[in-house]
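Contents: one structure, followed by commentary.
A, B, ... follow the sequence lines: proteins, then strands. Residue 1 opens every chain.
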Amino acid sequence: MSEKKEVLHVGIDLGTSRSSISASNGQRHVIESYVGWPLDMVAKRVLKKPVLIGREALENRSMLDLHRPLEEGLIKDGSEKDEAAVRELLRHLLGLVGVDPDNRNGMPVRAVVGVPAEALRVNKQQVRKALQNAVDNLLIVSEPFAVAYGIEALLHTMIIDSGAGTTDFCVMNGRLPTEEDQRTLPQAGDFIDEALMRLIRGRYPEAKFSIHMVREWKEAGSFVGPPKNPVVVTAPVNGKPTQLDISQEMRQACESILPPMVESMLDLLSRVQPEFQEKVRNNIVLSGGTGLIRGLGPRLEAELQVVGGGKVRVVKDPIFVGSDGGLAIAIDAPDSDWERLSA
Amino acid sequence: MANVDRVKRQLLRDLVQENVDLVEGRLPRTLRKGRYWPLAVRLLAVAVLSVALLGSSRLIALWLIPQQTEPPHAATARSPRVPAKVAAVSLPETPLLTSAPQPVDAAVFPLAVHTVVIDAGHGGGSTGTRTPQGTLEKDLTLDIAQRLQRLLVQQSFQVVMTRDADRDVSLKERGALANRIGADIFVSIHLNWIENRRSGGLETYYMGPTDDPYLTRLAASENRESGYSLADMRRLLDRIYAGVRQEKSRKLAETVQGALFQSLGKLSPEIQSRGVKTAPFIVLLTTDMPAILAEVSSLSNEEEARLLTKPLYRQYIAEALAKGIRAYAGGAEETTPEAVAAARNTAARKESR
């Protein structure tokens, strides 16, 4: 184990909405997956930076060519700007844990990067390309697998990892999941945001708001089932800040992902070997930002009644569970394996 | 590693191997044919082997036991099929392998088709069509082909891919591969590009001539770099058009087109069936078995191009193709006659516009 101390291990969860990094030096960071370049010379002088990342990029978006490069958790195909944005995002994350991607004379870095379960091989290659020369060794894993590894749920477990771009399902049965053990749905946080935006526009056509505001409203008040408290937000109507009750719209938007989620969950369960179905039903783990929607776990449990009931638990730390899992993989992988995976 | 348990060690080994495969451009081991066979498939294999051995012993018995020589007409008569000496060894009464040929119901052999060649269109320097955003046909066809491969292997088909990575494979090689391994059917996967970008949809081709200028252009485009001369083409055409293979290809094309339209129509109600058509694509002409070329969606259509970027949509396409192949192989009408009729009607409506 002594030689491991000379290496920095990192786990990265590359998400549509947020990306997180966990490193073996104890540092953990999360950023919003936004990258922006100043639009012109004036913006460059004001911002004093060639590129802005995360919340800083979002807050200065009026002066930026803003990119959220990961659509449905994947690098948008064929867009050089988005490929560059992913490269900036990854390098920024590495910088946050003390790695200088431009000066690789320091400690060797071994990185595990999580991508959606059904990522195209071409996208995995793009991630590999984006990290070329920035780390020494690179391992790409499916996000739900990284989650399962991190919480040691490797046998008779179903992971439902619902982020912004995708909802990934993965049944863990003690071996590396194949595509038959996994599903990816495009219905996740972004899908809810768009539905919520449409619904609020329909009810309050005079109100002015952006998708970023809608996203923040959802993160503060999302729920399924009966509302606990009314969801009231503030937006300008004819220039005047006005309080809007969006409880009904919030519920409807959040519940719009339930039919495909339930269908995929039950379908995947039905494909588990019969003797293990009950174990898997009682060991369903919900992770990811969208997994934090209030009432989602109990609602999925209620839906499981039709096949004899089950248990759904929400992971304790959904923001870092993917990157922590990646870090655990990075640390556990033997040196001999890492040597086969030069970045 | 001392505190890492056995399951974790195995998982990490497999994970690393999968990544090494990715780096080296190989299909991951978890997805390769013959790996991770489910228990049911293994049991089926044992059962099939047992039946095969039993069948062999019967054949041996038939060869070893002298049989009555009967006049030629007796072979077609409705006399008892089992000769007395064979009956004496008390085998169950089943039709003999040596009895007169009779029409066989395809439903008796649900997997009469054993080997399927899946051809992911384009690859390497041949990118195929592309969207303005840069999505390439060659990447999507490979992804759909790999999904289809997994589905068919699960269903106990033998599957051979003309390519399982982003590499150049000539049209000649694709057909030659299928012929060399004695494939039962050949399925080529492509994506359409239609000049009128508002229209889109699905169409399936089987070999045959065409007088449609659009299809002539399309075939010429797809056949580019085939390496065949005009004289070669004529020979290929002469060899094929009269054959029974064309009829089987038509049936396969209709079944697959019906399954595609039935399945994708649920996801995208706007999707059109452009029907089953004939065209002289090289990959269809050079193969010796029933062969089709399916244009499984259109990259020129904005909505279909958007859907094609979604893994779920590509999975639906693969499942529809598998369903069509299974229906053809089993002779079973898993694709309902209504679906085939609907696909035809939509195509007819489109053509009448």
Between Leu155(A) and Val7(B), does a side-chain contact (heavy atoms from CB on, under 4.5 Å) hold up when you go through it step by step? CA-CA 9 Å; Leu155(A) 203 56; Val7(B) 175; 5.9 Å; no
Is a donor from one side chain sitting under 3.5 angstrom from an acceptor on the other, for Arg183(A) and Gln315(B)? no
For residues Leu11(B) and Arg175(A), report the shortest heavy-atom separation together with the two atoms involved. CD2-C, 3.1 Å
Residues forming a salt bridge (charged side-chain N to carboxylate O under 4.0 Å, His left out) with Glu194(A), sequence neighbours excluded: none
Taking only residues two or more places apart in sequence or in another chain, which ones pass side chain to side chain donor-acceptor pair (under 3.5 Å) with Arg163(B)? Thr141(B)
Chain B heavy atoms under 4.5 Å from Ile329(A): which part of the residue, side chain, backbone, both or neither? both
Provide the closest heavy-atom pair for Ile140(A) versus Leu15(B) in the form atom of the first, atom of the second, distance. O-CD1, 4.0 Å
Applying side-chain contact (heavy atoms from CB on, under 4.5 Å) to Trp338(A) and Val16(B), what does each step give before you reach the verdict? CA-CA 8 Å; Trp338(A) 273 118; Val16(B) 169; over 6 Å; no
Distance (rounded to the nearest 0.5 Å) between Glu18(B) CD and Leu139(A) CG: 9.0 Å
May I ask you to check whether over 12 heavy atoms, not counting those of Glu152(A), lie within 6.0 Å of atom CD? no
Given Asn19(B), which partner from the list Leu341(A), Asp337(A), Val112(A) fulfils the side-chain contact (heavy atoms from CB on, under 4.5 Å) test? Leu341(A)
So for atom CD, which belongs to Glu278(A), do other residues, nucleotides or ligands contribute more than 12 heavy atoms lying within a distance under 6.0 Å? no
